[in-house]
Amino acid sequence: MRIRPSVVIALGIGYVLGARAGREHYDAIMRQAREVRERPEVQTVAGVVSAQAGTLVQRVRTMLGGSSDVDGEGVSISSPHGAHSSNGVGVRAY
């Protein structure tokens, strides 16, 4: 399972705001963020952006002549210069 950068950023922002403002303020911020995230309009826009990002990845692959590897979690981009480990760091075979 891959952790998306947006999740890491959101958790980092939440941590910093919570640490500075105190637990009650942090809970209020997280409640508001959850309410916004759960709104149908936001979910619709997120779905559209996700679909467009997938389409853009496929276009770039086609332009670069790469192959399309799709797994259960989304599009996985493979590098022609070597394999990648689970943490995303390139691994070269010598």
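Reckoned from all heavy atoms, side chains included, excluding hydrogens, waters and symmetry mates. For reference, positions follow the sequence shown, starting with 1.
- For the pair R37 and Q43, the tightest heavy-atom approach, listed with the atom from each and the gap, is O-CG, 3.5 Å.
- With side-chain heavy atoms closer than 4.5 Å counting as contact, directly or through intermediates, V48 stands alone and belongs to no larger hydrophobic cluster.
- Expressed to the nearest 0.5 Å, how far OG1 of T44 lies from CD of E41 amounts to 7.0 Å.
- Using a 4.5 Å cut-off between side-chain heavy atoms of Ile, Leu, Val, Met, Phe, Trp and Tyr, with links allowed through other members, V57 and V49 fall into different hydrophobic clusters.
- If you take CD1 on I13 and CE on M30, they are separated by 10.0 Å, rounding to the nearest 0.5 Å.
- Formation of a donor-acceptor pair under 3.5 Å by the T55 side chain with backbone atoms of A51 is found in this model.
- Contact between V36 and V42 at its shortest, heavy atoms only, is O-CG2, 3.2 Å.
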